[in-house]
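In what follows, every chain begins at residue 1, and chains take the letters A, B, ... in the order their sequences are listed. Scope of the values below: all heavy atoms of this structure, side chains included, with no hydrogens, waters or symmetry mates.
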Amino acid sequence: MQNPLHLDPQQAFNEVATFQRKLAAGLQNLRGLGEQEYANTPREAVYNEDKLTVWHMKGSNKPTARVPIVIVYALVNTVWMTDLQEDRSLVRNLLEQGEDVYLIDWGYPDGADRWLTLDDYLNGYLDRAVDAVRKRHGLDAINLLGICQGGTFSLCYTAMHPEKVKNLVTMVTPVDFRTPDNMLSHWVQSMDVDLFVDTLGNVPAELMNWVYLMLKPLRLNQQKYVSMVEILDNPAELKNFLRMERWIFDSPDQAGEAFREFIKAFFQQNKLIKGDLQIGRQPVDLGMVTQPVLNIYATQDHLVPPDASRALQRHVGTTDYTEIAFKGGHIGIYVSGRAQREVAPSIHQWLRQRGA
Amino acid sequence: MPDQATDFLKDYQVFAQQSWDTWMRYLQQQPGQANPMGLGMGFAAMPQDDMLSRSLASLKAYGNWLQQAAGAGLGQPSPWQQPVAMQSFLAGFTQPFAQTVAGIDSASAFGLEHQWQAWLQAMQRAGMAAGMPNSQLAAFGITREFQLDQQALQAAMQEYAQINARYQGLLQQVNAQGVAKLQELLAKHSEPGKQVESLKALYDLWIDAMEEAYAEMALSQEFKEVFGALVNAQMQVRKLQQQQTEQMCRELGIPTRSEVDSLGKRVQQLRREWKARGQGESAADSSVVDALQGEIAALKRELAASKAAKVSSIERPASSENGKTPSRRTKATRSAAGKRK
């Protein structure tokens with residue numbers, strides 16, 4: 001058995017010296033870069049209400065799709081993950097495929113939004129946003145693309161308003177919130193969410209960020225930045241890195257009441273799959289989702305474990321259910337090179353096969 | 001002959017510290033940029049230094065890790081043949097994980113320690129916290145309520161400290177388990193061609209080992225209970241702090257958060273009712289319109305049918321003569337009748 005470490009002291013010293021030199025030299029690059037812009041695909045605001053905006057995204061060509069697709073993002077973080085940078089944009093890829101894309105931008109809740117409930121979000125904001133798009137196109141039903149918590153919302157919405165949804169696409173969407181590998185869920189089980197929300201009111205974004213970072217504390221708080229030093233001398237890669245940092249930490253607070261309901265009903269009581277979920281006065285029965293459903297999950301998702309998403313098949317009412325396993329993580333499904341090649345074309349093809 | 005490993009360690013430690021100090025000085029000494037408000041450096045530099053240090057903490061932690069690795073015996077001649085020496089080397093890695101996690105806690109919104117100190121200072125400035133009373137003493141006198149509040153807060157903070165100690169204990173266990181996993185991972189690299197040949201490669205292995213150990217701990221029943229208890233204990237402290245702050249605000253005639261919340265709740269309820277009423281009225285309006293349209297359509301059909309019947313009875317002989325279909329003729333007749341109108 002040989003020594004597993006084959007480290008020459010002089011070589012190790014050089015390695016450390018190189019690291020320090022790169023760090024010092026790269027600092028100048030960091031100083032000049034400033035804030036990185038997202039892809040900023042041309043868009044037009046077509047509906048506003050309080051802090052919510054519905055954006056109509058514009059491609060270089062006219063859409064060929066007959067039915068528009070509305071992207072419903074989570075309340076945590078921002079929808080700009082779908083349009084992060086020019087060559088890593090789910091939105092642009094969908095537009096290039098001929099889809100007619102709308103984004104729901106929930107905005108940044110403040111104290112005035114403290115009492116917004118899930119009913120206000122789903123049967124209020126989301127419903128009126130969908131109505132606005134339906135009216136623009138003179139259609140009874142549109143396509144929904146829900147992402148993460150937005151996917152859960154899209155499922156609930158479709159169950160409550162089935163007549164307004166033609167096809168449903170869910171991406172990295174939690175359905176079973178109590179799978180054994182769900183760390184987030186595990187942590188909130190013993191939490192007194194009433195005390196939490198009564199004390200904090202809206203849940204600060206910094207606190208949410210802390211929770212996400214603590215899922216992989218060393219990788220996300222240390223290793224990532226050590227690796228950053230390696231790209232300090234590469235302005236293009238450094239810009240991409242900083243853009244992602246912007247997105248990660250530019251996150252909205254969570255409206256207190258909606259947060260309380262979501263943690264209790266979904267994470268703690270797992271009501272979505274138990275079948276006893278109620279949003280406002282409306283029961284939510286996944287069996288009512290009889291539209292075609294495309295469920296895309298990420299095989300290395302540390303936030304929404306694959307089993308949490310795959311559970312949808314067992315509970316949804318549709319007979320037209322398709323599942324795609326994407327080789328990557330929760331963020332890679334939008335920004336990786338593989339995602340650019342695979343995700344949007346798969347969604348487009350699936351929709352075309354269903355006449356949308 | 002000089003001791004190569006000792007020289008390396010000495011050189012590295014001096015070099016690392018000098019690099020870090022130089023870097024921090026370079027970052028902080030940017031006149032104009034560091035002080036955009038034109039305030040005196042002594043006043044403005046402190047918070048910025050603090051933020052900068054927090055932002056760069058991860059890189060400093062890596063520097064510490066390298067130092068730890070070097071201090072743990074890097075470059076020593078073949079300790080791997082001896083299990084005791086191996087344990088000694090690996091034991092050197094136990095602190096960085098706990099340090100990193102503690103750093104995240106204190107820098108985040110979740111860290112209570114900073115907030116607690118800031119709150120205590122604010123209350124002392126306001127003359128509200130001359131000192132924590134003995135929680136064992138029965139409260140009495142004109143300050144009885146205040147004493148009770150302070151005792152409750154003290155008890156809550158003590159409980160938080162106890163649970164936090166349990167939480168830190170679990171993180172220490174992660175350290176130990178992570179080192180064991182690192183040992184397992186290193187064992188897989190003992191064949192020729194698979195050896196770890198750089199500090200970065202060793203660092204990446206250490207990260208893998210620690211994350212694996214942490215994930216196991218974070219998904220354990222004990223961690224779930226302690227984490228939940230920690231959150232609840234912290235919220236209890238914050239809630240009691242808020243109550244005291246509100247008391248002070250009331251005495252000063254400043255609107256409290258509870259009052260603002262209460263107003264917000266009422267406004268949201270009114271908005272809901274207003275929107276529901278609007279939707280109801282809109283639905284009612286459309287149902288009236290639908291009913292009227294239906295009635296008009298029925299009347300039109302009735303009128304058309306009665307006219308058609310009249311015309312039909314007049315034209316019947318002709319129609320049977322030219323052999324046209326009744327429906328076409330009726331349509332033509334209706335059209336003609338319409339023109340006559």
Contact check, side chains of B/Lys275 and A/Arg128, non-hydrogen atoms, under 4.5 Å
yes
Does B/Arg271 come within less than 4.0 Å of A/Asp50, counting only side-chain N to carboxylate O?
yes
Under 6.0 Å from the CD atom of B/Glu159, do we count more than 12 heavy atoms belonging to anything else shown?
no
Contact part of A/Leu215 toward chain B, heavy-atom cut-off under 4.5 Å: side chain, backbone, both or neither?
backbone
Report yes if some heavy atom in the side chain of B/Lys239 is under 4.5 Å from a heavy atom in the side chain of A/Leu195; otherwise report no.
yes
As an exercise, state the distance from CD of B/Gln221 to NE2 of A/His186, rounded to the nearest 0.5 Å.
6.0 Å
Has B/Glu222 got more than 12 heavy atoms of other residues, nucleotides or ligands less than 6.0 Å from its CD?
no
Parallel, tilted or perpendicular, judged at 30° and 60°: which one describes the rings of B/Tyr62 and A/Phe19?
perpendicular
Where on B/Ala215 is there a heavy atom nearer than 4.5 Å to chain A: the side chain, the backbone, both, or neither?
both
Checking B/Glu197 against chain A: side chain, backbone, both or neither under 4.5 Å from a heavy atom?
both
Drop me the distance from A/Asp194's CG to B/Met235's CE, to the nearest 0.5 angstrom.
13.0 Å
Top contributor to chain B interface from A/Lys216, A/Arg219, A/Met228 [non-hydrogen pairs under 4.5 Å]
A/Arg219
For a side chain to side chain contact (heavy atoms under 4.5 Å, CB included) check, start with the C-alpha distance between B/Lys200 and A/Thr18, then their side-chain angles and the critical distance, and finish with the verdict.
CA-CA 12 Å; B/Lys200 180 64 166 51; A/Thr18 305; over 6 Å; no
B/Lys194 NZ: over 12 foreign heavy atoms closer than 6.0 Å
no
Between B/Tyr214 and A/Pro217, what is the shortest heavy-atom contact and its length?
CE2-CD, 3.3 Å
Return the CZ to CD distance between A/Phe196 and B/Gln234, rounded to the nearest 0.5 Å.
8.5 Å
Could you name the residues of residues 107-125 of chain A that have a heavy atom within less than 4.5 Å of a heavy atom in chain B?
A/Arg114, A/Trp115, A/Leu116, A/Thr117, A/Asp120, A/Tyr125
Is B/Arg266 atom CZ crowded by more than 12 heavy atoms from other residues, nucleotides or ligands, each under 6.0 Å away?
no
Exercise: identify the closest heavy-atom pair between A/Leu200 and B/Arg238:
CD2-CD, 4.3 Å
Among B/Glu191, B/Gln268, B/Gln236, which has the most heavy-atom pairs under 4.5 Å with chain A?
B/Gln268
Less than 4.5 Å apart, any side-chain heavy atom of B/Phe227 and any of A/Met191?
no
From B/Asp204 CG over to A/Gln223 CD, what is the distance, rounded to the nearest 0.5 angstrom?
5.0 Å
Determine whether more than 12 heavy atoms belonging to other residues, nucleotides or ligands lie under 6.0 Å from atom NZ of A/Lys239.
no
If every non-hydrogen atom of B/Leu219 is compared with every non-hydrogen atom of A/Pro180, which pair is closest and at what distance?
CD2-O, 3.6 Å
Contact check, side chains of B/Phe223 and A/Met183, non-hydrogen atoms, under 4.5 Å
no
Look at the side chain of A/Asp192 and the backbone N and O of B/Asn232, then say whether any donor-acceptor pair between them is shorter than 3.5 Å.
no
Starting at CG of B/Asp208, measure out to CG of A/Leu218 and round the result to the nearest 0.5 Å.
10.5 Å
Quick check on A/Asn209 against chain B: is it the side chain, the backbone, both or neither that has a heavy atom closer than 4.5 Å?
neither
As an exercise: rank B/Gln195, B/His189, B/Gln241, B/Lys188 by heavy-atom pairs under 4.5 Å with chain A and give me the winner.
B/Gln195
Has A/His161 got more than 12 heavy atoms of other residues, nucleotides or ligands less than 6.0 Å from its NE2?
yes
With only heavy atoms counted, which part of A/Val229 is less than 4.5 Å from chain B, the side chain, the backbone, both or neither?
side chain
